[in-house]
Number of protein chains: 2
Amino acid sequence: MKSEDIAKLAGVSRSTVSRVINNYPNIPEKTKQKVQAVIDKYGYTPNSIARTLAGKKNNIIGLFIFDKFYNKNIDPNNPMYSIHDSPYLSELISYVTDAAENNDFNILISVINSQSKKNKFDKLIKSDIISGAIIVGGETDKEILGKIISSKIKTVFIDEYLDGEYDNIIHIYSENYEGAYTATQELIKAGHKKIAHITGNLKKFDARERLRAFKDCLIDNGIKLNKNYIIEGDFSLKSGYNAAKELYEKNKNNMPTAIFIANDLMAVKAIEYFKEKNFNIPQDISIIGFDNHSFAEILLGGLSTISRPIGELAIKAVNSLITFIYLDDKSKIKQEKIKSNYINRKTIKPPK
Amino acid sequence: MKSEDIAKLAGVSRSTVSRVINNYPNIPEKTKQKVQAVIDKYGYTPNSIARTLAGKKNNIIGLFIFDKFYNKNIDPNNPMYSIHDSPYLSELISYVTDAAENNDFNILISVINSQSKKNKFDKLIKSDIISGAIIVGGETDKEILGKIISSKIKTVFIDEYLDGEYDNIIHIYSENYEGAYTATQELIKAGHKKIAHITGNLKKFDARERLRAFKDCLIDNGIKLNKNYIIEGDFSLKSGYNAAKELYEKNKNNMPTAIFIANDLMAVKAIEYFKEKNFNIPQDISIIGFDNHSFAEILLGGLSTISRPIGELAIKAVNSLITFIYLDDKSKIKQEKIKSNYINRKTIKPPK
DNA sequence: CTGTTAGCGCTTTCAT
DNA sequence: ATGAAAGCGCTAACAG
């Protein structure tokens, strides 16, 4: 069934049918209803491929996840990360998809983890298949940025650093810095002075921001940075355990009394490690995480943490992009930050 | 830049350019190279929207996830499940996306969790936007099935039950029954006779199969079923804890010596519960899980379990679908099962 | 082997 | 207010 069939059935021309479908202004209510009745009766839906070719926007947004599947430094044959190992990415996919569908858009998902994928990415953003792109992953890649700029595709970056402003790119940030500052401040407020930090993957913007805030907060409070108290993790469960171990082994004789861990996932296994070493949480060591993962909350109900509302981030990103696609004017879009909040549970106590 | 431009530049007609792009047989090497050179020089890519309209297949596969976001029985305002709460679904998305992209296909992802989403699903499969569909979720919905059949869209069901054969539907199964039978058999082999089972969400096909195998295996071994030893879970972390509690409270005076838990995720929290109650695993209670989740493995390294190779399932599903799309003949596609294996780790011991 | 031509189903000027 | 006609960029049947 095509528009021509509807036209015949309704006794009008294809153009009129098109006008009804697209809600053109100067078309009398009578004609509109007549045509609409036929459309409804036959359950006609316009072919969106044809519409796109004829110049309409395609209601598809590309969600591009820049992440490594393999960490070659560790084991070239063994998958290390993947989107399903990251609750952050999994949640983002959930919520972005949902937000898009609530606006009658669909999500085309793509994971970019190799050079050949980068080339496919390039083709995709040059094509008319998608009318906008959402970029996540936190590691801004010059080559990719170049492709995005030259393709002119409307793009939103979620929690990625960019030095410069580009006409076709908008940003959505969550309060990584502010949240991490609060986290550290809460530890200090409880009386701690020997405070450690297990970082996220420092290739990622959010991890770097959280580290920066940690340092700033200590300095602002007149606490000297102790290099041995900063351990590099990578946001994964496993690295939480390893980082905790490294922290312990480096500081056996001078353990910190509190730790700010860059995400809840690492906190899960870090806490496990400390328990194995017979530390009591929070009596011996206070812990604050970041993200407020539902996963982590179920695993260890009492973790004090900082929320990062991924749902809001996703909705904001999708809505901004859709507005951008239709308005074609970046200046009309508010690029505010998504708020973080301190979630006070049971893993912070004053030091002994 | 369009094919006409390339044609002019290469001194041929548009048709010839099209033939080169589509690898037509009877076209001399010389012409081919001449045209290809121009294509490469200008980095021309054919507009896939136009190709699709002109009759080519669109290299997009729809991945449809049928799952509830909310469990109204428990709390209408509170999200209960979502794809990111299920490692199975998260992994499937990862691997399906990867497999598709390795075959130059893209994945359009959609989560169907409401009536309005069902209607959008209907539009999508009737459109030419996607040339095939993958269905996951395990709860075959009559309404959806009807839409799929009448739309004729080429579809692959992953681990879903279907009574009947349809020309446009193919199946990929993993060995739910066989794996669960093995799991139970391993417990019996170790000497257990008092064996319990925590089921998955029984609305789902895989959960029902696992339960069926559990029962069959006990009967085949002459062990009488104890109703109080079968507890209904729903595959989620939380339900693992709750089910373990229910099992304990129902059987305080006659606890089973072994439990087959329908997925590793529930096993994580079930084990936590039993430890709280001062049971030793496996001395007091042997446990076997299912799925061999990397997540669960990191959380509790020693869990004995049954593998369900989600990567293979995904690859098989994508490859079969692509073959189906191009061959247009279901009979040529092998619909074999993806093998499960017993992973012998540290949570099974003979009873005391 | 290759060019010409007719669509694919829709939107959108242009004309009335 | 509405119909006729052109065109989006490509493929494929037809002709030679």
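We name chains A, B, ... by the order of the sequence lines, and we start the count at 1 in each one. Just so you know, these numbers come straight off a predicted model, no measurement behind them.
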Any salt bridge linking [X] with [Y]? Criterion: basic side-chain nitrogen under 4.0 Å from a carboxylate oxygen.
X: A:K120; Y: B:D104; answer: yes
X: A:E139; Y: A:K203; answer: no
X: A:E143; Y: A:K118; answer: yes

For this session: Go through the side-chain N and O atoms of B:D128 and B:T52 and say whether any donor and acceptor fall under 3.5 Å apart.
Result: no
Problem set entry | Passing option when B:K204 is tested against B:D67, B:D159, B:T140 for side-chain hydrogen bond (donor to acceptor under 3.5 Å, both in side chains) | B:D67
Seminar exercise, completed: Tested for side-chain hydrogen bond (donor to acceptor under 3.5 Å, both in side chains) against B:H84, the lone hit among A:S94, A:S90, A:S86 is A:S94
Provide, to the nearest angstrom, the distance between the [atom1] atom belonging to [X] and the [atom2] atom belonging to [N].
X: B:I27; N: C:dG3; atom1: CD1; atom2: C1'; value: 12 Å
X: B:K57; N: D:dT11; atom1: NZ; atom2: C1'; value: 14 Å
X: A:N58; N: D:dC8; atom1: CG; atom2: P; value: 18 Å

Exercise. Salt bridge (charged side-chain N to carboxylate O under 4.0 Å, His left out): which pairs involve residues 314-330 of chain B, sequence neighbours left out?
Worked result: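 Of all non-adjacent pairs touching residues 314-330 of chain B, those that pass salt bridge (charged side-chain N to carboxylate O under 4.0 Å, His left out) are B:K154-B:D328, B:E165-B:K330, B:K316-B:E336, B:D329-B:K332.
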For this session: Test ring-ring contact (aromatic ring centres under 6.0 Å, His included) on A:F66 and A:F157 and set out the steps.
Result: CA-CA 11 Å; A:F66 287 81; A:F157 279 66; 8.6 Å; no
For this session: Check side-chain hydrogen bond (donor to acceptor under 3.5 Å, both in side chains) between A:N59 and all other residues, then give those that pass, not counting sequence neighbours.
Result: A:Y326
For this session: Return the set of residues passing side-chain hydrogen bond (donor to acceptor under 3.5 Å, both in side chains) with A:N103 (not counting sequence neighbours), or none when no residue passes.
Result: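 A:N319.
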Exercise. Can you give one letter per nucleotide of nucleotides 6-12 of chain C, going 5' to 3': B for a protein heavy atom under 4.0 Å from the base, S for sugar-phosphate only, - for none?
Worked result: BBBBBBB
Problem set entry | DNA chain C-proximal residues of residues 31-40 of chain B, any heavy atom under 4.0 Å | B:T31
Seminar exercise, completed: If each end axis of the helix from C:dC1-D:dG16 to C:dT16-D:dA1 is fitted on five C1' pair positions, the angle between them, to 10 degrees, is 40°
